[in-house]
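To start, the structure itself, in structure tokens.
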Amino acid sequence: TMYPLTDKLYVSAQVSPADLAEAAALGINTLIGNRPDGEEPQQPDWATVAAWAAAAGIEHQIHQPVTAPTLNSHDAERFATAVAAADAPVLAYCRTATRCCLLWALDAVAHGTPVDDAIQHAARAGVDLSSQAARLQAAAQ
């Protein structure tokens with residue numbers, strides 16, 4: 001299930017071919033995979049997901065694997081740059097959509113979005129970032 005995080009960014013847990021067909025129907029033309037290969041035994045690898053995206057008509061596939069404990073402001077900036085460069089809405093996915101929201105939120109607060117607003121925004125997309133409040137506050141400095 002995809003949730004709109006901003007007018008240009010949708011987030012999702014692990015995607016399937018059906019999810020990617022739905023994304024393409026919404027006009028999404030870029031897929032960002034924030035999930036490292038091999039995180040879970042039955043998880044499709046990036047090459048498989050990228051092929052599904054291409055088959056669905058999503059032309060741009062970007063693999064930016066991150067882990068929640070180690071992702072940093074550089075990762076968030078790279079993620080935001082990829083979203084900003086896209087000419088249509090973007091779909092980002094990871095295991096639960098939390099990393100995608102955290103990447104967005106770290107960049108958003110670094111550019112002036114209040115931490116509480118970023119947390120509420122993620123909550124509307126079905127992701128609870130409240131446990132990341134201190135980390136977001138540090139990124140806002």
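Here the structure is a predicted model, which is why all the values come from computation and not from measurement. Excluded from the calculations below are hydrogen atoms, water molecules and symmetry mates; all remaining heavy atoms, backbone and side chain alike, are included.
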### Query
Between L106 and L71, is any pair of side-chain heavy atoms under 4.5 Å apart?
yes
### Task
Could you tell me whether the side chain of E39 reaches within less than 4.5 Å of the side chain of P65, counting heavy atoms only?
no
## Note on the structure
Nearest heavy-atom contact between V115 and A133 is CG1-O, 4.1 Å
### Message
Within the 4.5 Å heavy-atom criterion, are R35 and V49 side-chain neighbours or not?
### Response
no
### Query
V11 and T98: side chain to side chain contact (heavy atoms under 4.5 Å, CB included), yes or no, with the steps?
CA-CA 9 Å; V11 294; T98 300; over 6 Å; no
### Query
So how far is it from L129 CG to D116 CG, rounded to the nearest 0.5 Å?
12.0 Å
### Test item: Y3 and V127 side chains (from C-beta on) under 4.5 Å apart, heavy atoms
no
### Closest non-hydrogen atom pair, Q61 against A53
CG-CB, 3.9 Å
## Note on the structure
The side chain to side chain donor-acceptor pair (under 3.5 Å) partners of T81 (sequence neighbours excluded) come to none
### Task
Please examine the side chains of D19 and Y93, heavy atoms only from C-beta on, and report whether any two atoms are closer than 4.5 Å.
no
### Query
Hey, does C100 have a side-chain heavy atom less than 4.5 Å from the side chain of I32?
no
### Task
Measure from the side-chain N and O atoms of N29 to the backbone N and O of E59, and report whether any donor-acceptor pair falls under 3.5 Å.
yes
### Query
Would a 4.5 Å heavy-atom cut-off, applied to side chains only, mark H121 and T113 as touching?
no
### Message
Is there a path of hydrophobic side-chain contacts, each under 4.5 Å between heavy atoms, that joins L5 and L31?
### Response
no
## Note on the structure
Heavy atoms of A105 and A118 approach each other most closely as CB-CB, 4.1 Å
### Query
Stepwise, does the side chain to side chain contact (heavy atoms under 4.5 Å, CB included) test hold for Y10 with L26?
CA-CA 10 Å; Y10 288 77; L26 289 173; 4.1 Å; yes
### Gap between atom CD of Q132 and atom SG of C101 - 0.5 Å precision
11.0 Å
## Note on the structure
Tested for side-chain contact (heavy atoms from CB on, under 4.5 Å) against S12, the lone hit among L20, L91, T1 is L91
### Task
List the atom of A56, the atom of A24, and the distance in Å for their closest heavy-atom pair.
O-CB, 3.2 Å
### Summary
Between the OG1 atom in T30 and the NZ atom in K8, the distance rounded to the nearest 0.5 Å is 8.0 Å
### Query
Where do G27 and A88 come nearest, in terms of heavy atoms and distance?
O-CB, 3.4 Å
### Query
If you take all heavy atoms of V66 and R99, which pair is closest and at what distance?
O-NH1, 2.9 Å
### Query
Do I28 and W52 belong to the same hydrophobic cluster, where Ile, Leu, Val, Met, Phe, Trp and Tyr are linked whenever their side-chain heavy atoms lie under 4.5 Å apart, directly or via other members?
yes
### Task
Report yes or no: do V15 and L103 belong to one cluster of Ile/Leu/Val/Met/Phe/Trp/Tyr joined by side chain heavy-atom distances under 4.5 Å?
no
### Task
Enter the distance from R95:CZ to T67:OG1 here, rounded to the nearest 0.5 Å.
12.5 Å
### Message
Grouping I, L, V, M, F, W and Y whenever their side-chain heavy atoms are under 4.5 Å apart, do I62 and I58 come out in a common cluster?
### Response
no
#### Entry: Value rounded to 0.5 Å, distance of CH2 in W104 from CG in L9
8.5 Å
### CG-OG1 distance between D128 and T96, expressed to the nearest 0.5 angstrom
10.5 Å
### Task
State, with a plain yes or no, whether a side-chain heavy atom of D75 is found less than 4.5 Å away from one of T70.
no
